[in-house]
Amino acid sequence: MVSDVLTPGEARQLGRLERHDTLEARNRRLAEGDAITMRVRRSDTARLAEFRIPYRKWMRVLDALNWVADNQAPDLAYRWFCGSKMCGTCAVRMNGREVLACWEAVEPDMTIEPLRNLPIIRDLMVDRGPFERKVEQLEPWLERSEAYSGFPEPLSHKQMKNASKALDCIGCMCCYSACPVIGLGDLTDFAGPAPLVQLGQTALDPRNDATKVAWSLALTGIFNCVSCYKCEEVCPASIPIVSQVIEPLKAKTAALVPDMAKHSNALRAVVAVRGYVDPSALVLKVHGLKALLNLRRALRLLFRGKINLLRTFLRRKTPASAAGARYLGREDVP
Amino acid sequence: MKFAYYPGCSARSTCAELNEATHRVAASLGLELVQLDTATCTGARELRAIDPLGFYILNVRILALAERERLPLMTICNTCTLNVLDAHATFLEDSDLAARINARLADEGLHYGGQTRISHFLWVLYEDIGEARLRMLVKRPLTGLTVAAFYGCHITRPPQRYKFVDSRNSIALERLAEILGCRPIDYSGRTECCGFHTAAHDERIAIKLTGAHIQAAKVNGANSMVTPCPLCHTVLDGFQREIEQDMGQKLGMPVLHLPQLVGLALGLSPEELRVDRHMVQFDPGTVIS
């Protein structure tokens, strides 16, 4: 009997086969001449426009859109230019996920929609204005306050590791569409992943002037990033947006604009003293007496035993607290 | 099967019921847990951003504590899982950093050799127990539960690096729910973000995001939700009153921790699993007739 116990690492891949989550599996589902069903969200009607398209080998979403424009809907509005994953203009949502039309294989049944979080001009074309205005506001360029030390300037690949990842961006707006915080509109001042990647290209360059970088970072609302990695998941350029752009920018923000990192610094301080996070201690450290404004919730949590104020105020020395102090004590402040 | 067990901060404070349930379920599954009581916080999302070296030291220390026991590490929090995975991967990639960390850990007589296998409780069920044995262990099929699985972010993303399936294709929780006798539902929020990581300085993001997820679960017929992450649980359950106020409607959606769902199916009582500690009450009548 074959064991059904998965080998280490396999559980996190459950769904790959079942949901045809490889290019080979997707291609196997279609043969030359098969009919593809493509529904397109058009701006002049609430209903999805449905098209039947004959499949051709290696067919991409862009090929399907072109076929529709050539044969059935010459007024369909969509953008593309290079057709080879470089210009970043053809991004759309296919079955709920952001893709580049020029680089995505078709599926037997697909719904094509415009990107989210940007105004729609017509059909699949979105207005990139909000992104462009934010980038312009951040002034993502290098400024030097001192004379160059001479040429060539000493600059290692390690120093440029993160900025060079950000430089791979093709500005397609997939990440901007996938970001849940941007989806909340004006609720926060979060700049969003795409503008932060643009900023990261120069703000993470060690040659940039720190005062200039601090000025830009102050406009980003960067600590409103929820670290969900949805931007990374849809990035066609495979940029590690959270770990190699947003987090290094957060580190710079904490150093250059510490008021923006109050919560992060508070968590660090709590762990340094206790070794673990006591939620009540963290909330009190972040909000101070303002935390009392939410007294009703505190009482509810207390009633359910969710918070333990004795533990918060009468803290004990433990091996964990000793480790917190040892490794996050003042001498370790970066 | 024996594991070094790292509960994290939430399961020892706001979600203490998760820790209790995990110990009880582990016993029912035949898992022996050696709890790492001297371990610290993994640093959540904050420490890794503002103090990378401190972050790596604390996480590698946890891995070293497990390695000293010669045991694989079992976690029950998504964010802790990703943190130790990241620290382990960076430790193996950057030998200079690895040497620096081990030099610091040497003060405590600790050393990490890069050998610890990291597994979230959800993965342990598939990789150490197996579906067939789980089916055999189910004593009380949870046929009364129409459950919405809420995966959370950090055991489904980032893509590629840890070979996670594209998060939108994740099926591990739904398949497990079926094994336990529940009816899993499909809904838009299942692999979305709860917003926990900005909640300590501004709850509005979590309230808005999670409100939409709970509502989608309800509209699609769920009478309960289950999550493998205590941070998601804190928002889904602990913030639900504020979410209801924000939405202007009653949701009343009970949210179970993953080990509680498993434990109920294994025949443990709701009291043993401490479902009474939730802010939104779970009705035991839905699983016990």
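As a basis for the values below, the full set of heavy atoms in this structure was taken, side chains included, without hydrogen atoms, waters or symmetry mates.
Comparing B:R133, B:H278, B:K208 by how many heavy-atom pairs each has under 4.5 Å with chain A, the most go to B:H278. Considering only heavy-atom pairs separated by less than 4.5 Å from chain B, the leading option among A:G305, A:P8, A:S280 is A:P8. Options B:T191, B:I171, B:L209 differ in how many heavy-atom pairs under 4.5 Å they form with chain A, and the most are formed by B:I171. Each of A:H263, A:R274, A:K252 has some count of heavy-atom pairs under 4.5 Å with chain B, and the biggest count is that of A:H263. When the candidates A:H20, A:R97, A:E232 are compared by the number of heavy-atom contacts under 4.5 Å with chain B, A:R97 comes out ahead. Of the listed residues (A:L14, A:V5, A:L282), the one with the most heavy-atom contacts under 4.5 Å to chain B is A:L14. Ranked by heavy-atom pairs under 4.5 Å with chain A, the list B:A16, B:P159, B:P158 is led by B:P158. With respect to chain A, the highest number of heavy-atom pairs below 4.5 Å among B:H120, B:R12, B:R168 belongs to B:R168. Of all the listed residues (A:E233, A:K250, A:Q13, A:E10), the one sharing the greatest number of non-hydrogen pairs under 4.5 Å with chain B is A:E233. Ranked by non-hydrogen atom pairs under 4.5 Å with chain B, the options A:A322, A:A266, A:A251 are led by A:A251. Of the listed residues (B:D166, B:D128, B:V124), the one with the most heavy-atom contacts under 4.5 Å to chain A is B:D166. The candidate from B:A200, B:A172, B:C193 with the greatest count of non-hydrogen atom pairs under 4.5 Å with chain A is B:A200.
With a 4.5 Å cut-off on non-hydrogen atoms, B:E174 does not touch chain A at all. Neither the backbone nor the side chain of B:N78 comes within contact range of chain A; no heavy atom of the residue lies under 4.5 Å from a heavy atom of that chain. Only the side chain of B:R117 comes within contact range of chain A, with at least one heavy atom under 4.5 Å from a heavy atom of that chain. For A:R311, the part lying under 4.5 angstrom from a heavy atom of chain B is the side chain only. With a 4.5 angstrom heavy-atom cutoff, B:F196 does not touch chain A via any of its atoms. A:T7 touches chain B through its backbone: at least one of N, CA, C or O sits under 4.5 Å from a heavy atom, while the side chain does not. Residue A:N265 touches chain B through both its backbone and its side chain, counting heavy-atom pairs closer than 4.5 Å. Of the atoms belonging to B:S13, heavy atoms from both backbone and side chain fall under 4.5 Å from chain A. Using a 4.5 Å cut-off between heavy atoms, B:R161 makes no contact with chain A at all. Interface residue B:L58: only side-chain heavy atoms are found under 4.5 Å from chain A. No part of B:L65 comes within reach of chain A, as not one of its non-hydrogen atoms sits under 4.5 angstrom from that chain. At a 4.5 Å heavy-atom cutoff, B:L36 makes no contact with chain A through either its backbone or its side chain. With a threshold of 4.5 angstrom between heavy atoms, A:L187 approaches chain B through its backbone and through its side chain. Heavy atoms of B:D107 lying under 4.5 Å from chain A belong to its backbone as well as its side chain. Interface residue A:V286: only side-chain heavy atoms are found under 4.5 Å from chain B. The part of A:K158 that comes within reach of chain B is its side chain, from C-beta onward, which places non-hydrogen atoms under 4.5 angstrom from that chain. No part of A:C231 comes within reach of chain B, as not one of its non-hydrogen atoms sits under 4.5 angstrom from that chain. Neither the backbone nor the side chain of B:L125 comes within contact range of chain A, judged by heavy atoms closer than 4.5 Å. Residue A:L249: no heavy atom, backbone or side chain, is found under 4.5 Å from chain B. Contacts of A:N224 with chain B are made by both backbone and side-chain atoms, with heavy-atom separations under 4.5 Å. Only the side chain of A:V242 comes within less than 4.5 Å of a heavy atom in chain B; its backbone stays farther off. Contact annotation for B:A39: only backbone heavy atoms (N, CA, C, O) come within less than 4.5 Å of a heavy atom of chain A. Contact of B:H154 with chain A is made through the side chain alone, with heavy-atom distances under 4.5 Å.
If you check the side chains of B:S167 and B:T156, you find no donor sitting under 3.5 Å from an acceptor. Residues B:Y162 and B:D86 bring a donor and an acceptor atom of their side chains to less than 3.5 Å of each other. If you check the side chains of A:D278 and A:T312, you find a donor sitting under 3.5 Å from an acceptor. Inspection of the B:N83 and B:R48 side chains reveals an N or O donor paired with an N or O acceptor under 3.5 Å. With 3.5 Å as the limit, one finds a donor-acceptor pair spanning the side chains of B:H197 and B:T79.
Here the straight-line distance linking atom SG of A:C225 with atom CD1 of B:I205 works out to 9.0 Å at 0.5 Å rounding. Taking CD from B:Q240 and CG from B:D246, the interatomic distance works out to 12.5 Å, rounded to the nearest 0.5 Å. In this structure, CZ in B:R274 is found 12.5 Å from SG in B:C15, a value given to the nearest 0.5 Å. Rounding to the nearest 0.5 angstrom, the gap separating the CG atom in B:L85 from the SG atom in B:C80 is 11.0 Å. In this structure, CD on A:Q244 lies 10.0 Å from CG on A:L204, to the nearest 0.5 angstrom. Rounding to the nearest 0.5 angstrom, the gap separating the CD1 atom in B:I179 from the OH atom in B:Y126 is 4.5 Å.
Looking at heavy atoms from C-beta onward, B:R104 lies out of side-chain contact with B:R61 at the 4.5 angstrom threshold.
One finds a salt bridge joining B:R190 and B:D186 here, because a Lys/Arg side-chain nitrogen approaches an Asp/Glu carboxylate oxygen to under 4.0 Å. A:K306 and B:E17 are joined by a salt bridge, as a carboxylate oxygen and a charged side-chain nitrogen come within less than 4.0 angstrom of each other. Remark: B:R175 engages A:E18 in a salt bridge, criterion side-chain N to carboxylate O under 4.0 Å. A salt bridge links A:R26 and A:E107; the closest N-O separation between the charged side-chain nitrogens and carboxylate oxygens is under 4.0 Å. We find that A:R19 and A:D21 are not joined by a salt bridge, their nearest charged nitrogen and carboxylate oxygen being 4.0 Å or further apart.
The six-membered or imidazole ring of B:F150 lies near that of B:H213, with a centre-to-centre distance under 6.0 Å.
A search for side chain to side chain donor-acceptor pair (under 3.5 Å) contacts involving A:T111 returns A:R39, not counting sequence neighbours.
Using modelled atom types, one side-chain atom of A:R16 and one backbone atom of B:F164 make a donor-acceptor pair closer than 3.5 Å.
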